[in-house]
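Counting starts at 1 for both ligands and their atoms, in listed order.
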Amino acid sequence: MNPIIEVDNLYVDFDNVTAVAGVSFSVERGHIFGLVGPNGAGKTTLLRVLATLQEPTLGKVSITGIPLSDHAEPIRRKIGFMPDFPPVYEELKVWEFLDLYAAAYDVPRETRRARCTRELERVSLMEKREALVGELSRGMKQRLTLAKTLIYDPPILLLDEPASGLDPLARKQLYDILLDLRQEGRTVMISSHILSEMDKFCTAMGIMEKGKMVSAGKLSEINQEQGKRRVRVRLLEEDGVQQKMHKKFPGVKSTTLEHDRSWTVVLSGDDRTLAAYNKHLVTEGLEVCEFTPLKVSMEDILIQSGATHVS
Ligand SMILES: Nc1ncnc2c1ncn2[C@@H]1O[C@H](COP(=O)(O)OP(=O)(O)OP(=O)(O)O)[C@@H](O)[C@H]1O
Ligand SMILES: [Mg+2]
């Protein structure tokens, strides 16, 4: 356990709304934490507090073990925040925009050029280097904002809906970038509504609803807590197999035929149960050509959490 972000009983009140209502959770170093929840759940407000842009009404926040209230300035330099509606300076050239941010964050003049090139390459905008920011498409502006967020090498990244407005290929590139950032040892918190895609890179998640964190933790732990395993089983034969798949194996909760003799089986138990089930199928005389344990999806977890109205 090595939390890099710790939030304890956080409240944020606006005039007549409590946007964050007693949130406690932590994010461990090196994780990609997916923040999900319906419109108005409080995700942006929470990220803005962590980015030191929003004063909390109550509660404690520590980043790298340092209380935010005491040392906002040094902490700010460890954090890269990408807002949901990024401000961009339309009349600057792309490289000038990045250079401006690099200078603002004290990146030494002699390394600035190389840094700009590195980040423009990362987000595939090198060929737009000399273009005006105002001439970029929405998705390109979004990618430029990500480059800006990375320009001073912050170890913690807070990304508020970075995938919105990106085409499928650009989203795939973004997710590859996130995995690279994790590989580089950074910690990422990302909010998104594209749940089905977050599965590909998130290692932890938090579900917010009406200002509360309904559930939060590492995906591996959430999976274990649920005590369920899902496995894809493909058999040679087609007919009359469901009986045998269920029969005499009490751990089986459900068997669903997906396609082409391929079944999704839900079992309650652990890895030992999975191994026993594998053996059971063979003992029942079924010819197994695939047996693949599946991750519980973020969507499954969300549904199990009881959060509602999630897009
Ligand atoms: N500056 C503000 N002044 C007043 N109310 C605000 C302000 N910012 C947010 N709120 C309110 O706080 C609540 C949470 O808003 P927030 O933007 O954090 O939600 P969100 O989860 O990011 O939603 P979305 O998915 O739409 O981005 C909403 O009811 C919103 O109207
Ligand atoms: Mg938001």
Ignoring angles and geometry beyond distance, decide whether Gly42 reaches within less than 3.5 Å of ligand 1 through its nitrogen or oxygen atoms. yes

How far is atom 14 (C) of ligand 1 from its nearest protein heavy atom, and which residue and atom name does that atom have? Gly40 O, 3.4 Å

Separation of Ser124 OG from Gln173 CD (nearest 0.5 Å): 4.0 Å

Met208 heavy atom under 4.0 Å from ligand 1: no

Does Arg48 come within less than 4.0 Å of ligand 1, judged by its heavy atoms? no

If you measure from each heavy atom of Ser191 to ligand 1, is any distance below 4.0 Å? no

In the protein, which heavy atom is nearest to atom 26 (O) of ligand 1, and how far is it? Asn39 ND2, 2.9 Å

Does any N/O atom on Ala41 come nearer than 3.5 Å to any N/O atom on ligand 1? yes

If only side-chain N and O atoms count, and only distance matters, is there a donor-acceptor pair under 3.5 Å linking Arg76 with Thr52? yes

Under 4.0 Å from a heavy atom of Val17: which atoms of ligand 1 are those, numbered in the order shown and with their elements? 29 (O)

Charged tip of Lys148 within 45° of Tyr101 ring normal and under 6.0 Å: yes

When every non-hydrogen atom of Asn9 is compared with those of Gly22, the smallest separation belongs to OD1-CA, 3.6 Å

Quick note on ligand 1: atoms under 4.0 Å from a heavy atom of His193 include exactly 25 (O)

Protein heavy atom at shortest distance from atom 12 (O) of ligand 1: Ala19 CB, 3.2 Å

Is the shortest distance from atom 31 (O) of ligand 1 to a protein heavy atom below 4.0 Å? no

Do the charged groups of Glu197 and Arg171 touch, with an N to O distance under 4.0 Å? yes

Near Glu161 (heavy-atom distance under 4.0 Å), the atoms of ligand 1 are 25 (O), 27 (O)

If the threshold is 4.0 Å, N to carboxylate O, is there a salt bridge linking Asp180 and Arg122? no

Step by step, would you call His193 with Val36 a side chain to side chain contact (heavy atoms under 4.5 Å, CB included)? CA-CA 7 Å; His193 290 287; Val36 301; over 6 Å; no

One thing to verify: whether Arg186 and Asp153 come together as a salt bridge, which I'm taking to mean a side-chain N less than 4.0 angstrom from a carboxylate O. yes

How far is atom 7 (C) of ligand 1 from the closest protein heavy atom, and which atom is that? Phe14 CE1, 3.4 Å

Residue pair Lys78 / Pro154: nearest heavy atoms and the distance that separates them: O-CB, 3.5 Å

Tell me, which protein residue and heavy-atom name are nearest atom 15 (O) of ligand 1, and how many Å apart are they? Thr45 OG1, 3.8 Å

Hey, is Glu119 close enough to Arg115 for a salt bridge, meaning N to O under 4.0 Å? no

Quick check: does Thr44 have an N/O/S atom under 2.8 Å of the Mg ion (ligand 2)? yes

Hey, is Lys172 close enough to Asp167 for a salt bridge, meaning N to O under 4.0 Å? no

Starting from atom 25 (O) of ligand 1, which protein heavy atom do you reach first, and at what distance in Å? Lys43 NZ, 2.7 Å

Out of Asp160, Thr44, Val12, Asp13, whose heavy atom sits nearest atom 22 (O) of ligand 1? Thr44

